[in-house]
Amino acid sequence: MHFFLKAIIVITIMQILIFLFLHKKAKLEYLFVIQAIMIGYVYNLIFPAFTISDEMTHFMSGYHISNMIMGIQDERINERSDGFAIYNLHIRDIDEELFQFPSSFDVNRLGIKNYQRHKIFQKSDLMLIHAEAVGTDYQPFPMYVLMGISITISRILNLSPFMLVWLTRMVNLIIYSLIGMLIIKIIPFGKLMLYTILAMPMGLINAASASYHTLLFSITIFFVAYILRIKEVGKISRRDITVILIMLLIIPPIKGCFLFYILLLTLLPKELFSSVQKWKAFLCISIITGICTWFFYNAYIVDIEKLLSNSHGSRIITYMDAGEGIYLIDILQNPLHYLKLLIRTIVLRGFYMDRSMIQMQTDFGSFAYLLIIGLFFYNSFFNEDSYYFQNAIKDKAILLATYFFTYALMSFIAFFQWGSRQWQIIELKGSYTYQFLPLIGFAIKGNIHPDIMRRNQIALTYFILVTAHFAGILNLLFVAGAV
């Protein structure tokens with residue numbers, strides 16, 4: 001029996017035994033950590049380096065940060081039209097094989113290498129390679145620091161290329177699991193809904209990759225949960241204000257469209273503060289912090305002249321073979337056309353949960369997909385907690401407005417950055433919209449208590465997610481001929 005299949009069988013049995021032993025005693029957040037790490041570990045094994053979406057770009061960026069930490073200076077050559085830098089990157093000679101992998105998903109590569117035969121330690125020398133799409137000049141520097149540290153540790157310990165990628169992914173997975181545990185712990189309601197979202201294949205596959213999406217997903221979901229927690233608890237402390245301001249320093253630079261998450265602050269009633277003046281001061285300081293962070297970061301990285309007009313010649317967008325790109329001057333000259341395009345995208349795709357948003361690169365079939373979607377809406381609409389959630393119409397409107405404006409801005413930025421004049425609808429990856437699920441879930445959150453014991457509802461959630469994960473994993477391995 002193949003190594004992968006043995007690993008899946010053993011981990012599945014362990015999942016069942018651990019659940020049967022703990023689900024009556026352990027808290028939900030601890031069950032999430034166990035499930036996330038064990039399933040994420042399987043994804044770490046079956047997905048070879050850089051087969052997860054955008055992993056190559058993020059890994060190279062982390063490697064660049066590792067060089068900075070170790071005092072090694074990389075040579076920047078120039079910049080691509082999409083804002084990513086091109087470097088002569090210093091790497092270990094034994095890592096050259098990693099950077100020759102295609103940075104796209106290929107199911108036929110699964111299972112080709114026998115992971116049991118990889119060396120753990122391997123000595124190396126430095127060499128130079130020509131590396132495109134190093135994103136540290138485009139994405140926030142802090143998002144790659146933890147990845148850079150784990151890569152640095154691997155290099156100091158002379159870990160083999162396989163172990164370097166494995167450790168980087170495992171560090172990301174553990175960080176995601178711990179932040180997810182904190183999210184489920186702090187929120188007084190909707191715990192199972194958040195559990196469902198965080199444990200979806202989209203979340204765990206990205207968490208088990210060398211990608212900055214680990215922090216993107218967990219931090220944005222944490223921000224939503226933290227604001228709702230303050231609102232429901234009915235008091236705000238200096239620590240809460242500090243956490244909010246730190247989040248506003250981190251979130252807007254991750255992706256500029258998340259600037260609209262500032263709208264969530266209007267969920268906090270003025271009664272939480274000792275005076276109306278302090279409430280207004282809090283809102284003003286928070287809004288200024290978020291906007292200034294977003295503006296200064298983007299003003300630093302964006303070549304305004306290049307985006308304003310086509311004076312430098314046409315931009316050819318290679319993403320999805322888009323063709324000739326657009327400029328801001330095109331939008332200003334024909335605003336109605338692009339407004340219709342944006343509205344069409346929002347109407348047709350805004351509330352459309354396609355399979356890429358849920359399953360990432362696994363294909364667990366339509367039945368499992370419908371089970372997960374049904375589970376999400378079930379745990380959103382029905383209240384598994386004894387806690388009564390005060391979900392006023394105003395609160396629902398704020399949550400949906402945050403989702404609507406963020407999605408609209410994300411669509412516009414995506415179209416403007418790598419869209420084409422030939423597009424009739426703006427294409428967004430599932431990984432761009434996945435983190436909106438908490439906004440939708442809490443907007444439809446109800447207080448109807450199902451006629452089912454809470455521990456049975458937890459068991460239902462747990463096993464539907466496990467089934468969907470392993471259905472997708474087995475399908476991948478069978479297609480690849482690895483089992």
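Along the sequence shown, the residues carry numbers beginning at 1. Note that the coordinates shown come from a computational prediction; the quantities given were computed from them, not determined experimentally.
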Minimum heavy-atom distance I372-A468, with the two atoms named: CD1-CB, 3.4 Å
Applying side chain to side chain contact (heavy atoms under 4.5 Å, CB included) to L264 and L439, what does each step give before you reach the verdict? CA-CA 10 Å; L264 294 174; L439 298 176; 4.0 Å; yes
Ring center gap for F189 and F442 short of 6.0 angstrom: yes
Rounded to the nearest 0.5 Å, how far apart are CG of L216 and CD1 of I250? 12.0 Å
Hey, what's the ring geometry for F436 with Y261, parallel, tilted or perpendicular (30° and 60° as the breaks)? tilted
Once you round to the nearest 0.5 Å, how far does OG1 of T220 lie from OH of Y434? 9.0 Å
Tell me if a side-chain donor or acceptor on W279 pairs with a main-chain N or O of L268 at a distance below 3.5 Å. yes
Looking at side-chain heavy atoms only, is the closest gap between I230 and I244 below 4.5 Å? yes
Side-chain heavy atoms of I179 within contact of T214, under 4.5 Å: no
Shortest non-hydrogen contact from A443 toward L399: N-CD1, 3.7 Å
Which heavy atom in A199 sits nearest to a heavy atom in L465, and how many Å separate them? CB-CD1, 3.7 Å
Determine whether M163 and W166 make a side-chain contact, defined as any pair of heavy atoms from C-beta on separated by less than 4.5 Å. yes
Are L28 and K185 side-chain neighbours, meaning at least one heavy-atom pair lies under 4.5 Å? no
Rounded distance (nearest 0.5 Å) linking atom CG of L198 with atom OG of S218: 8.5 Å
Do H64 and Y144 have their ring centres less than 6.0 Å from each other? no
Return the CD1 to OG distance between I291 and S286, rounded to the nearest 0.5 Å. 11.0 Å
Do Y176 and F217 make the cut of ring centroids closer than 6.0 angstrom? no
Given side chains that start at C-beta, do those of H469 and M200 come closer than 4.5 Å, heavy atoms only? no
For side chain to side chain contact (heavy atoms under 4.5 Å, CB included), just list the numbers for S66 and R155, CA-CA rounded to whole Å, side-chain angles, deciding distance to a tenth of an Å, and then say yes or no. CA-CA 9 Å; S66 173; R155 295 167 71 179; 2.9 Å; yes
Is the shortest side-chain heavy-atom distance between F59 and L164 below 4.5 Å? yes
Option among H58, M56, M147 that satisfies the side chain to side chain contact (heavy atoms under 4.5 Å, CB included) test with S211: H58
Working for side chain to side chain contact (heavy atoms under 4.5 Å, CB included), residues L248 and F223: CA-CA 9 Å; L248 292 175; F223 185 74; 4.1 Å; yes
Residues T461 and T196: side-chain donor-acceptor under 3.5 angstrom: no
Distance, nearest 0.5 Å, that separates CD1 of I39 from OH of Y43: 6.5 Å
Start with the C-alpha distance between D240 and Y226, add both sets of side-chain angles, then the distance that settles side chain to side chain donor-acceptor pair (under 3.5 Å), and finish with yes or no. CA-CA 9 Å; D240 295 330; Y226 201 83; 2.5 Å; yes
Distance (rounded to the nearest 0.5 Å) between I184 CD1 and K27 NZ: 12.5 Å
Start with the C-alpha distance between F222 and I227, add both sets of side-chain angles, then the distance that settles side chain to side chain contact (heavy atoms under 4.5 Å, CB included), and finish with yes or no. CA-CA 9 Å; F222 173 82; I227 295 296; over 6 Å; no
If you compare all heavy atoms of K231 against all heavy atoms of L267, which two are closest, and at what distance to 0.1 Å? CD-O, 3.5 Å
Would you say that I69 contacts I149 through its side chain, given a criterion of any heavy-atom pair below 4.5 Å between the two side chains? yes
Closest non-hydrogen atom pair between F273 and F282, with its separation: CZ-CD2, 3.5 Å
Shortest non-hydrogen contact from K445 to S380? CD-O, 2.8 Å
Under a 3.5 Å threshold, yes or no: a donor from one side chain and an acceptor from the other, between Y195 and Q35? yes
Output yes when a side-chain donor or acceptor of R229 lies under 3.5 Å from a complementary backbone atom of I187, and no otherwise. no
Do M202 and I197 come close enough that some side-chain heavy atom pair is under 4.5 Å? no
